[in-house]
J.: 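Okay, here's the structure, questions in a sec.
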Amino acid sequence: MARVRLSVAERQEELLRAAVEQIEARGASAVRIADVASALGVSNALVLYHFSTKEKLVAAAFAYAAEGDLAQLRRILGRRTSAVRRLRAAVRWYAPTGQAKGWRLWIEGWAAALREPALREVARELDQQWKAELTAVIAQGAAAGEFHCPDPVSAAWRLTALLDGLAVQMTSYAGSLSRAAMLGWTDDALARELGLDREALTRQST
């Protein structure tokens with residue numbers, strides 16, 4: 001049966017979805033153009049027509065997967081409710097036991113970015129956008145008097161650094177930390193950054 005003819009945008013999205021699946025299964029370093037082509041039953045030449053090198057395909061696939069979660073983060077942080085409530089919801093969603101991006105893909109991306117400039121630039125830009133979104137809401141809450149945070153930028157960096165580190169541990173050593181313990185640590189960290197005690201954080205975000 002002949003394949004349905006897709007537009008350029010549709011074909012590229014199909015290739016990116018397949019690339020994400022192959023990277024998650026094989027790793028960013030081991031995945032080949034042929035793996036992506038085989039998964040879709042297309043030629044290597046077709047993949048290379050849209051993404052001229054493996055490095056560009058991997059970088060684009062990483063961005064494709066991460067931007068979907070970035071859009072969800074913006075939806076959470078854009079809700080019409082208090083900054084505390086939005087921040088706690090975002091941190092819990094972002095945490096490695098939540099529903100955020102596939103952490104294995106991110107970890108693969110970070111490792112490959114050490115050697116691949118194209119992926120490194122994509123990862124840096126996406127990371128900056130995550131931090132910027134959190135910084136903006138922390139600044140809004142502080143300005144509204146919900147909490148005290150003199151340096152929203154540093155607070156966002158510390159929070160994301162903690163969550164990224166927990167993700168590496170939870171992904172690499174499954175079962176080493178319970179969900180309850182991890183969420184407790186993230187609540188403690190968020191409360192400290194906002195100048196609240198944990199009970200106040202819970203009360204204001206429920």
Side-chain angles (χ1 to χ4, degrees), residues 62-63 65-114 119-206:
F62 183 78
E67 284 169 356
D69 279 330
L70 183 58
Q72 177 62 16
L73 177 72
R74 287 173 173 149
R75 285 190 287 271
I76 293 170
L77 293 178
R79 293 171 181 168
R80 294 185 177 182
T81 186
S82 70
V84 172
R85 190 168 293 165
R86 285 179 283 158
L87 287 165
R88 190 175 186 229
V91 165
R92 285 182 159 236
W93 171 77
Y94 181 90
T97 60
Q99 297 178 347
K101 55 189 169 292
W103 280 106
R104 187 174 298 278
L105 179 66
W106 270 96
I107 293 168
E108 287 283 353
W110 290 332
L114 295 173
L119 182 55
R120 184 161 58 246
E121 289 305 310
V122 168
R124 179 185 293 120
E125 174 60 26
L126 290 164
D127 184 66
Q128 290 174 347
Q129 290 185 54
W130 279 86
K131 289 179 172 65
E133 295 293 334
L134 289 172
T135 297
V137 178
I138 294 170
Q140 290 170 13
E146 290 186 38
F147 47 77
H148 179 68
C149 181
D151 188 352
V153 173
S154 295
W157 271 76
R158 286 189 291 267
L159 284 169
T160 53
L162 170 68
L163 293 167
D164 290 347
L166 285 172
V168 172
Q169 292 292 316
M170 298 285 284
T171 302
S172 300
Y173 312 112
S176 58
L177 180 67
S178 71
R179 172 183 171 83
M182 201 230 42
L183 291 178
W185 289 359
T186 60
D187 276 352
D188 287 341
L190 180 59
R192 283 194 301 272
E193 296 296 348
L194 303 184
L196 302 171
D197 57 45
R198 187 166 170 182
E199 290 72 21
L201 175 73
T202 302
R203 185 171 59 253
Q204 292 185 38
S205 58
T206 55

J.: I would like to know whether Ile76 and Tyr94 meet side-chain contact (heavy atoms from CB on, under 4.5 Å); could you show each step before the answer?
T.: CA-CA 11 Å; Ile76 293 170; Tyr94 181 90; over 6 Å; no

J.: So, does Ser154 use its side chain to make a donor-acceptor pair with the main chain of Asp151 at under 3.5 Å?
T.: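 Such a contact is absent between Ser154 side chain and Asp151 backbone.
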
J.: Arg86 side chain to Thr81 main-chain N or O, any donor-acceptor pair under 3.5 Å?
T.: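 Such a contact is found between Arg86 side chain and Thr81 backbone.
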
J.: Do you know the tightest heavy-atom contact between Ile138 and Ala156?
T.: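 The pair with the smallest heavy-atom distance is CD1-N, 4.1 Å.
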
J.: Would you indicate whether the side-chain heavy atoms of Arg198 and Leu190 approach each other to under 4.5 Å?
T.: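 Answer no - side chains too far apart.
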
J.: Yes or no on side-chain contact (heavy atoms from CB on, under 4.5 Å) for Glu193 and Leu159, after CA distance, side-chain angles and deciding distance?
T.: CA-CA 8 Å; Glu193 296 296 348; Leu159 284 169; 4.0 Å; yes

J.: Check whether Glu146 reaches the backbone of Val84 with its side chain - one donor and one acceptor, N or O, closer than 3.5 Å.
T.: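 Yes, the answer is positive, given that a donor and an acceptor are paired below the 3.5 Å cut-off.
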
J.: Find the distance between CZ (Arg203) and CG (Asp197) and round it off to the nearest 0.5 Å.
T.: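 Separation between the atoms: 7.0 Å.
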
J.: Determine, for Arg192 against Asp188, whether the closest basic-nitrogen to carboxylate-oxygen distance falls under 4.0 angstrom.
T.: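 No, this pair does not count.
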
J.: Kindly give the heavy-atom pair with the smallest separation between Ala83 and Gly141, and that separation in Å.
T.: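 For Ala83 and Gly141, the tightest heavy-atom pair comes out as CB-CA, 3.5 Å.
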
J.: Any side-chain donor paired with an acceptor under 3.5 Å for Gln129 and Arg124?
T.: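 Looking only at side-chain atoms, Arg124 and Gln129 do not form any donor-acceptor pair under 3.5 Å.
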
J.: Give the intermediate values and the outcome of side-chain contact (heavy atoms from CB on, under 4.5 Å) for residues Leu73 and Leu70.
T.: CA-CA 5 Å; Leu73 177 72; Leu70 183 58; 4.2 Å; yes

J.: Roughly how far, to the nearest 0.5 Å, is CH2 of Trp130 from OG1 of Thr135?
T.: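 One gets 13.0 Å once the value is rounded to the nearest 0.5 Å.
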
J.: What is the distance from atom CD of Gln128 to atom CD of Glu125, rounded to the nearest 0.5 Å?
T.: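 These two atoms lie 5.5 Å from each other.
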
J.: Between Leu201 and Phe147, does the side-chain contact (heavy atoms from CB on, under 4.5 Å) criterion hold? Intermediate values first, please.
T.: CA-CA 10 Å; Leu201 175 73; Phe147 47 77; over 6 Å; no

J.: Which value, rounded to the nearest 0.5 Å, describes the distance between Glu67 atom CD and Leu126 atom CG?
T.: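 So the CD of Glu67 and the CG of Leu126 are separated by 5.5 Å.
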
J.: Rounded to the nearest 0.5 Å, what's the gap from CH2 on Trp157 to CG on Leu162? Could you check?
T.: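 Reported to 0.5 Å precision, the distance equals 15.0 Å.
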
J.: If we only count heavy atoms from C-beta on, is the Thr186 to Arg88 side-chain gap below 4.5 Å?
T.: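 Answer no - side chains too far apart.
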
J.: Where is the tightest heavy-atom contact between Val168 and Trp110, given as atom of each residue plus distance?
T.: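 So the minimum-distance heavy-atom pair works out to CG2-CZ3, 4.0 Å.
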
J.: Quick one: closest heavy-atom pair of Cys149 and Ala142, and the distance?
T.: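 Shortest heavy-atom contact: O-CB, 4.0 Å.
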
J.: Mind checking whether Arg85 and Gln204 have side chains closer than 4.5 Å, heavy atoms only?
T.: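 The answer is no, as the side chains (C-beta and beyond) never meet within the 4.5 Å cut-off.
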
J.: Indicate the atoms forming the closest heavy-atom contact of Ala112 with Leu119, along with that distance.
T.: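 For Ala112 versus Leu119, the nearest heavy atoms are CB-CD2, 3.5 Å.
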
J.: Specify the closest pair of heavy atoms between Ala63 and Val122, including all atoms of both residues, with the distance to one decimal.
T.: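 Closest approach of Ala63 to Val122, heavy atoms only: CB-CG1, 3.6 Å.
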
